[in-house]
Amino acid sequence: MLGNVSLFKGLKNKQLKTIAGTGKELVYAPGQVIVEEGSIGVGFFLILEGKVQVRKGRKTLAELGTGDFFGEMSLFDEQPRSASVVAVTETRCLGITSWSFIGMVKSDPDIAVNMMKVMAARLRLSNKALAE
């Protein structure tokens with residue numbers, strides 16, 4: 001499944017196995033807050049199954065489902081979360097902490113290079129949407 005996620009496209013099977021091995025499966029009930037806006041982020045989440053809403057205050061910014069991801073910025077900095085993410089249905093995620101990610105990237109920098117390209121494209125889309 002990781003190979004189908006845009007953030008990890010282009011990575012080799014060995015790299016995907018490394019990523020999967022550093023993660024932990026987490027399950028959230030409908031209505032449960034997975035990450036809270038303003039809290040310090042320490043990890044990334046890949047939705048294995050289910051649906052979530054990304055919220056900024058009372059406004060829903062996006063709905064994400066199986067194969068989508070969130071929290072990727074916290075892999076690079078431990079800054080407050082820019083939005084809350086709430087489970088809409090029972091949701092299973094693969095969670096990867098920033099310290100696991102940093103260790104992985106130190107041993108294989110190509111993982112980070114690939115991810116940064118995807119994150120930059122996502123940031124450009126967000127900026128465009130905010131400007132409209």
Novice: Please report the interatomic distance NZ(Lys51) to CD(Glu90), rounded to the nearest 0.5 Å.
Specialist: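 One gets 14.5 Å once the value is rounded to the nearest 0.5 Å.
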
Novice: Hey, what do you get for OG1 (Thr22) to NZ (Lys17), rounding to the nearest 0.5 Å?
Specialist: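 One finds 14.5 Å between OG1 of Thr22 and NZ of Lys17.
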
Novice: Give the C-alpha distance, both sets of side-chain angles, the deciding distance and a yes or no for side chain to side chain contact (heavy atoms under 4.5 Å, CB included) between Met73 and Ser82.
Specialist: CA-CA 9 Å; Met73 290 189 301; Ser82 59; 3.9 Å; yes

Novice: Look up atom NZ in Lys59 and atom CD in Gln53, then write down how far apart they are to the nearest 0.5 Å.
Specialist: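 So the NZ of Lys59 and the CD of Gln53 are separated by 13.5 Å.
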
Novice: Looking at Ala87 and Ala29, what are the two nearest heavy atoms and their distance?
Specialist: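 Where Ala87 meets Ala29 most closely, the heavy atoms are CB-O, 3.3 Å.
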
Novice: Quick one: does Met104's side chain get under 4.5 Å of Ile111's, heavy atoms only?
Specialist: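 Counting from C-beta outward, Met104 and Ile111 do come under 4.5 Å.
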
Novice: Considering all heavy atoms of both residues, which atom of Ser98 and which atom of Ser74 are nearest to each other, and what is their separation?
Specialist: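 Looking at all heavy atoms of both residues, the shortest contact is CB-O, 3.5 Å.
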
Novice: Can Glu36 and Arg81 be counted as an ion pair, charged N to O under 4.0 angstrom?
Specialist: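 Not counted as a salt bridge, because no side-chain N and carboxylate O are separated by less than 4.0 Å.
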
Novice: Would you say Ile40 ends up clustered with Trp99 if hydrophobic residues are merged whenever their side chains have heavy atoms under 4.5 Å apart, either directly or through other cluster members?
Specialist: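 No, Trp99 and Ile40 fall in different hydrophobic clusters.
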
Novice: Tell me who clusters with Phe70, hydrophobic residues only, linked when side chains sit under 4.5 Å apart either directly or through other members.
Specialist: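 Other cluster members: Leu26, Tyr28, Ile34, Val35, Phe45, Ile47, Val52, Val54, Leu61, Leu64, Val85.
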
Novice: Let's go through Val86 and Arg55 carefully: what are the C-alpha distance in whole Å and the side-chain angles of both, what is the deciding distance for side chain to side chain contact (heavy atoms under 4.5 Å, CB included) to 0.1 Å, and is it a yes or a no?
Specialist: CA-CA 8 Å; Val86 179; Arg55 300 176 184 166; 3.7 Å; yes

Novice: About how many Å separate CZ of Phe69 and CG of Leu46, when rounded to the nearest 0.5 Å?
Specialist: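 Leu46 atom CG to Phe69 atom CZ measures 9.0 Å (nearest 0.5 Å).
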
Novice: Whether Glu37 and Lys56 form a salt bridge (side-chain N of Lys/Arg under 4.0 Å from carboxylate O of Asp/Glu) is what I want to check.
Specialist: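 Between Glu37 and Lys56 there is a salt bridge, with a charged N closer than 4.0 Å to a carboxylate O.
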
Novice: Can you measure from CG (Leu123) to CD (Glu72) and round to the nearest 0.5 angstrom?
Specialist: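 Nearest 0.5 Å value for the CG-CD distance: 9.5 Å.
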
Novice: Under 3.5 Å, side chain of Asp68 to main-chain N/O of Gly65, donor-acceptor pair present?
Specialist: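 Between the backbone of Gly65 and the side chain of Asp68 there is a qualifying donor-acceptor contact (under 3.5 Å).
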
Novice: Taking the side chain as C-beta and beyond, is there a heavy-atom pair between Ser100 and Ile102 under 4.5 Å?
Specialist: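 No - every pair of side-chain heavy atoms lies 4.5 Å or more apart.
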
Novice: Compare every heavy atom of Thr89 with every heavy atom of Pro30, then report the nearest pair and how far apart it is.
Specialist: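 Shortest heavy-atom separation between Pro30 and Thr89 comes out as CG-C, 3.8 Å.
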
Novice: Give the minimum heavy-atom separation between Val27 and Arg92, together with the two atoms involved.
Specialist: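 Residues Val27 and Arg92, closest heavy atoms: CG2-CG, 3.8 Å.
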
Novice: For Pro80 and Gly38, which heavy atoms make the closest approach, and how far apart are they?
Specialist: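 Answer, listing the atom of Pro80 first, then Gly38: CB-O, 3.4 Å.
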
Novice: Once rounded to the nearest 0.5 Å, what's the spacing between atom CD1 of Ile96 and atom NZ of Lys24?
Specialist: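 Those atoms lie 13.5 Å apart.
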
Novice: Write down the atom of Thr66, the atom of Leu48, and the distance for their closest heavy-atom approach.
Specialist: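 The pair with the smallest heavy-atom distance is CG2-O, 3.2 Å.
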
Novice: Taking C-beta and beyond as the side chain, do Asp110 and Gln15 meet within less than 4.5 Å on heavy atoms?
Specialist: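 Touching, per the 4.5 Å side-chain cut-off.
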
